[in-house]
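Residue numbers begin at 1 in each chain, while the letters A, B, ... track the order of the sequences.
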Amino acid sequence: MLRLILKRLGLMIVMLLGLAVITFTIANVAPGDPARLAAGPDASQEMVEQVRAERGFDKPVPVRFFIYLGQLARGDLGTSVYTGREVARDIAQFLPATLELVLFSITIAVVFGIPLGVLAAVWQNKAGDHGIRLLAVSGAALPMFWLGLMLQWYLALELDLFPLGGRLGVFDDVPPKITGMITIDALLDGDPGTAFTALWHMVLPALALSLPALAAIIRVNRAEMLEVLGRDYVTNARAQGIGPFRIIAAYALKNAILPTLAMIGLRFGWMLGGTVLVEGVFDFPGVGLYAAKAAVSSDFEPIMAVTLILGAAFMVTNLLIDLAYALLDPRVRNQI
Amino acid sequence: MTDSSTPTLEIRDFSLVFDTFDGTYHAIDKVNLTLRPGEAMGLVGETGCGKSVLTRAAFGLVPTPPARITSGSVTLEGRELLGLSDRALRGVRGKDVAMIFQDPMTYLNPVFRIGTQLVDAIRAQSGGKASKAEARALALEMLDKVHLPNPERQFRSYPHELSGGMRQRVLIAMALAAKPKLLIADEPTTALDVTIQAQILDLMAELVEDMGLTMIMISHDLGVVAQVCSRVAVMYAGKIVEDAPIRQIFDAPSHPYTQGLLAALPHPFKPVDKLASIPGSLPDLLNPPEGCRFAARCAKAHAACAAPVDFRTVGPGHEVACTLYDLAETKELAHEH
């Protein structure tokens, strides 16, 4: 088990390197002059050239890539040419918000998706199944940003049930920063009221972000449950007189959940990418919004940093999923 | 309440159809079977003849729809089972009627330990009355009884860590833990190697004797049935065509289909160029013939075969549904008994 984890972590470094090469190349062939951007629109040509030399923008791309890697190895994510702020500090500020939102969203998708998938399978072709499948098809078909806008319009503006955006209201006190996730920090601070307010602010963006994942989880879990419920070991369990609840919730689900887990890992990655859209709609100050702003202004180092960090988060999630696989399936456990 | 004259299992006039997209598929037609306490009966017939469906549907293990029971009754020690609720049938399955199946590779859940599955089954069989500790003790006792080496260790194993023969022993232990009134063994050795087959058959013969089991053994192999059973019912296309003591089937097979089955068994010492087979194929059960379902493939078929055929008694405990035998003779024989 430990060997597997070490092997996978080693592989992750290689994959991150690959991701860095691709992102670096794309960012550098894109039009725009980083030196001009750093120096500002009013700077003279000499000042631009001076900035170019200072920051090494005059060196060839491969050389700059290795300089960038050296910088990364020292834990330095660089500086935004646009704001002049250290990227690492920006990320430390914005990443917890995104993680909080994505974790909340994936929790919604899993907590509702798996039972709904099971129920749809148990009620196959009955009214309940049709209702759940309608939800699943809608979730797969509606674009996230459009859904976000509709939720905002109806639930926030028309019905005034939820705030329009942001992490907290203007007059709410932000709890002292420990993890950067406001709900957790507020609870640690002994302030459940603020934790609830923060959670309330996340409901609409999390709904928009989780619906596609929810839809995918329902579909995969329903199909797997249908397949597993027809297997011989389910017949045998029934022949032994074991009750339907134990058969569905344990004997069948523990088998059906394995492919669903793989889907959850995949969807987690999509969600991380989806924050770029959803955080924009809800003005939610996370890395998605940060990356979107940096992309608009061709601000290269923040884009690199966000890509690498979201990539790493995706890889860690999939490692965790694989470990969960081994935990649930003894046949997988024996292979590692 | 039950005396020796009450059959353990009595199936009367049992018919079952499947409603399919193409029409009504008459899978089982007016089947009668009686099993007395302590009797081990073989139910033989080729794949698709309805032998598994019959024994599963009688205990509520065939989903309805698409299946539909159109007539008949199934009584277990005098108690009618058809029409019972799911919950009541669940109380019967496992506890009163146990089943073991064809492929031990697929009938154990791959992601639960052997012990967990045994304990679950035993507790379900007891109607939830057995404690975990009691169930565990009984599970280990049963694993020992089916001669599984090192039961304590196997108890903690997962199915994939056991061989096919060992898994079948586990399934037999699971089925017999509740000392069921009736055991249904659905081709229990078909998926096993020949040497393992012999071991499992020996074990089953031993358990039938030790525990005084009443058993139906489903098989397409008359040789396998002969090792364990005292009686055989031969099924063809959803109907029973012959029902006889095992010796009678080998010495005096009466139905042309039974004769064909026996002729198809290769002789161990006489080399043959070509194995015997029965020409033709199964009748279309969407539109089954009114009379004998074997008539179309039967060399001895004649006009009378087109009408429904009743059973005739051709020997002690030996009945056959074939027009080649005289109904009058039946009455005489029946009189002699």
Contacting moiety of B:V97, where chain A heavy atoms sit under 4.5 Å: backbone

Part of B:L171 within contact of chain A (heavy atom distance under 4.5 Å): side chain

Heavy-atom proximity to chain B below 4.5 Å, by part of A:A237: neither

Within-4.5 Å side-chain heavy-atom neighbours: A:N255 and B:P110: yes

Segment of B:A98 engaging chain A (4.5 angstrom heavy-atom cut-off): neither

Stepwise side-chain contact (heavy atoms from CB on, under 4.5 Å) check, B:D120 with A:R246: CA-CA 9 Å; B:D120 268 358; A:R246 173 109 183 118; 2.7 Å; yes

Sub-4.5 Å side-chain heavy-atom contact between A:T235 and B:F101: yes

Residue pair B:V111 / A:R331, side-chain heavy-atom distance below 4.5 Å: yes

Any donor-acceptor pair under 3.5 Å from B:N109 side chain to A:Y251 backbone: yes

Heavy-atom proximity to chain A below 4.5 Å, by part of B:R56: side chain

Exceeds 12 heavy-atom contacts within 6.0 angstrom, atom CG of B:D86: no

Which portion of A:R238 sits near chain B, non-hydrogen atoms under 4.5 angstrom: both

Heavy-atom closest pair, residues A:G243 and B:R90: CA-NE, 3.5 Å

Contact check, side chains of B:E161 and A:P330, non-hydrogen atoms, under 4.5 Å: no

4.5 Å side-chain heavy-atom contact, A:Q240 and B:Q125: yes

side-chain contact (heavy atoms from CB on, under 4.5 Å) between B:F112 and A:K254, worked out: CA-CA 9 Å; B:F112 287 90; A:K254 198 173 171 191; 3.7 Å; yes

Contact winner vs chain A - B:P180, B:A124, B:A177, heavy-atom pairs under 4.5 Å: B:A124

A:I13 atom CD1, neighbour heavy-atom count above 12 within 6.0 Å: no

Contact origin within A:I242 toward chain B - heavy atom pairs under 4.5 Å: both

Heavy-atom side-chain proximity of B:M174 to A:N236 below 4.5 angstrom: yes

